[in-house]
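Here's the structure, in structure tokens; my notes come after.
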Amino acid sequence: MYKIKLLLLLLFKKKFIPAIVHCRQLFKTLLMGQGLSALICGTAVTSQYLASVYYLSTAMLQSFINYTLLGITYTIALIFRRGDGNILQILKTKWWKYLLLGLTDVEANYAVVKAYQYTTLTSIQLLDCFIIPVLMILSWFFLKTRYRIIHYVAVCLCLAGVGAMVGADILAGQDQGSSSDILLGDGLVLVSATLYAISNVCQEYTVKNLSRVEFLGMVGLFGSIISAIQLGILEHNEVSKIQWTWEIALILAGYALCMYGFYSFMPVVIKMSSATAVNLSLLTGDLFSLFCGLFLFQYTFSGLYIVSLVVILVGFMMFNTVPTLNRALAPASDEEGCDNHAAEFDNDSTQGCVDEITCAQSEQDQIKSQVNQRQSSCVVINSVKM
């Protein structure tokens, strides 16, 4: 009976407690992912207000403000660091890598904004999902991530949710956007999705093997420089024609804060999960924008929006239920993330239970032998007294 109780206790310790911890981690990742979607929704709503109410199309100005905020906080933090994490040491060895990364990130943002001038919202919503397969391919080759069947099923489920959302848009007659050059617009969306995928893979590697502050500091530094140059070349006329009011300044500030929060917290969620999982969670961002549009822009409600939201969330939870196998190199700094070794832990748990049961049985045998020795000693003493 004692052995059965001990076995049940050890099984609870090895199986149920890790399962409870994993469920808490999954719920936390889900909430943080939807928080990122809400921030993306904030950037979309503010951009829509600037374009539709104030007729402003200043994508590079908005990006420049975001990168400048990142530089003010995270780049300055790197300046005051000591040792190999100092900005001078980073620039000496990896400046060209972060220059390419900053260029990739800036052009990804610019390409998707320009796409709205040439193609429809439906095309953008559909083609923007191209980032998911590109991310999985890049993660497979460069991060050595190995996916299971359930991960592919979860991705297909999320994409089906996006299809339901686009279908609702078409039925509601909300296929907004231009159609002046659909081929060019669709090409820009695909280029943007590919560049975003490259940036996100680099981000996952950096935050899990180096540090979040280094990634954001370098992106803020080079992103602000590149966006400033591009702003001066492409949008100096639009910026000079802005008739500044407190409403425009407030909307720009709202956009900048949402984008700054998105850039700051996205590495945290990627560190907890993966870039692919985060982008699956971000698929609900368009839905949140549509829900806001019901009140702000008089969109027509459709029950397919709710269906789409539920399907995407279910697919996201399925993707994160089973950990991916990661064969990447071990982390090398204090702020690094750890790979999820839940699968290896699960394989070794049975052997661990057996070992602990063996140790417990040996301890029990030792206690019994000590009790028997004491009893025999008492018998000897009593016999001597008699």
Side-chain angles (χ1 to χ4, degrees), residues 26-27 29-45 47-48 108-109 112 115-116 120-139 147 150-170 172 174-177 186 189-190 192-197 199-201 203-204 258-259 262-263 265-266 269-270 272-294 299 302-321 324:
L26 176 60
F27 184 69
T29 305
L30 176 64
L31 288 181
M32 295 185 70
Q34 295 313 296
L36 291 177
S37 291
L39 291 173
I40 284 292
C41 171
T43 62
V45 170
S47 297
Q48 181 73 8
N109 290 322
V112 72
Y116 282 94
T120 61
L121 178 63
T122 301
S123 297
I124 293 175
Q125 289 173 336
L126 282 174
L127 295 176
D128 198 43
C129 298
F130 184 66
I131 188 175
I132 305 297
V134 175
L135 259 177
M136 297 181 74
I137 294 172
L138 293 177
S139 299
Y147 300 99
I150 189 173
H151 297 127
Y152 296 107
V153 174
V155 169
C156 293
L157 194 62
C158 290
L159 296 181
V162 175
M165 175 184 64
V166 172
D169 285 346
I170 295 175
Q174 291 167 184
D175 192 16
Q176 299 177 358
D186 292 350
V189 177
L190 294 177
S192 173
T194 303
L195 294 177
Y196 271 131
S199 176
N200 288 344
V201 168
Q203 182 175 0
E204 180 177 352
C258 288
M259 187 60 77
F262 175 79
Y263 268 77
F265 290 110
M266 186 173 180
V269 188
I270 287 180
M272 294 170 56
S273 53
S274 66
T276 305
V278 171
N279 279 274
L280 288 175
S281 179
L282 293 179
L283 294 177
T284 59
D286 290 331
L287 278 170
F288 292 160
S289 300
L290 291 171
F291 291 148
C292 292
L294 295 175
Y299 289 172
S302 173
L304 285 177
Y305 291 151
I306 304 298
V307 175
S308 176
L309 178 63
V310 172
V311 170
I312 292 175
L313 292 179
V314 170
F316 173 77
M317 289 188 288
M318 284 180 58
F319 188 91
N320 287 275
T321 299
T324 57

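None of the values given here were measured: they were computed from a predicted structure.
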Check: What closest approach, in Å, do S192 and A108 show between heavy atoms, and which atom pair accounts for it?
Finding: OG-O, 2.9 Å

Checklist line | Heavy-atom donor-acceptor pair, S47 side chain to A44 backbone, under 3.5 Å | finding: no

Next item on the list: Sequence neighbours left out, what passes side chain to side chain donor-acceptor pair (under 3.5 Å) with S37? Give chain and number order.
Entry: T284

Margin query: When you compare the side chain of L313 with that of Q34, does any pair of heavy atoms fall below 4.5 Å?
Written below: yes

Notebook entry, point to check: Considering only heavy atoms from C-beta outward, does the side chain of L195 approach that of S199 to under 4.5 Å?
Noted result: no

Margin query: Do N320 and S273 have side chains that approach each other closer than 4.5 Å (heavy atoms only, starting at C-beta)?
Written below: yes

Item checked: Side chain proximity check, I312 to L280, heavy atoms < 4.5 angstrom -> no

Notebook entry, point to check: Name the one of V155, N279, V189, L159 that satisfies side chain to side chain contact (heavy atoms under 4.5 Å, CB included) with C129?
Noted result: L159

Notebook entry, point to check: If you look at every heavy atom in G33 and L282, which pair is closest and at what distance?
Noted result: O-CD2, 4.4 Å

Check: Can you tell me if CZ on F265 sees more than 12 non-hydrogen neighbours from other groups inside 6.0 Å?
Finding: no

Notebook entry, point to check: So which heavy atom on A154 is nearest to which on G315, and how close?
Noted result: CB-O, 3.2 Å

Check: Could you give the distance from CG (L283) to OG (S308), rounded to the nearest 0.5 Å?
Finding: 8.5 Å

Margin query: Here's a test for you: under side chain to side chain contact (heavy atoms under 4.5 Å, CB included), which of L138, V278, I270 qualifies with E204?
Written below: I270

Item checked: 4.5 Å side-chain heavy-atom contact, N109 and Y196 -> yes

Note to self: Measuring from atom CG of L190 to atom CD1 of I131, what distance do you get when rounded to the nearest 0.5 angstrom?
What the structure shows: 12.0 Å

Notebook entry, point to check: For the atom pair CE (M317) and CZ (F27), what is the distance rounded to the nearest 0.5 Å?
Noted result: 10.0 Å

Note to self: If the condition is ring pair (Phe, Tyr, Trp, His ring centres under 6.0 Å), which residues does F319 pass it with, not counting sequence neighbours?
What the structure shows: H151

Check: Of all heavy-atom pairs between M259 and T43, which one has the smallest distance, and what is that distance?
Finding: N-CG2, 3.7 Å

Margin query: Quick check: do L36 and S281 have side-chain heavy atoms less than 4.5 Å from each other?
Written below: no

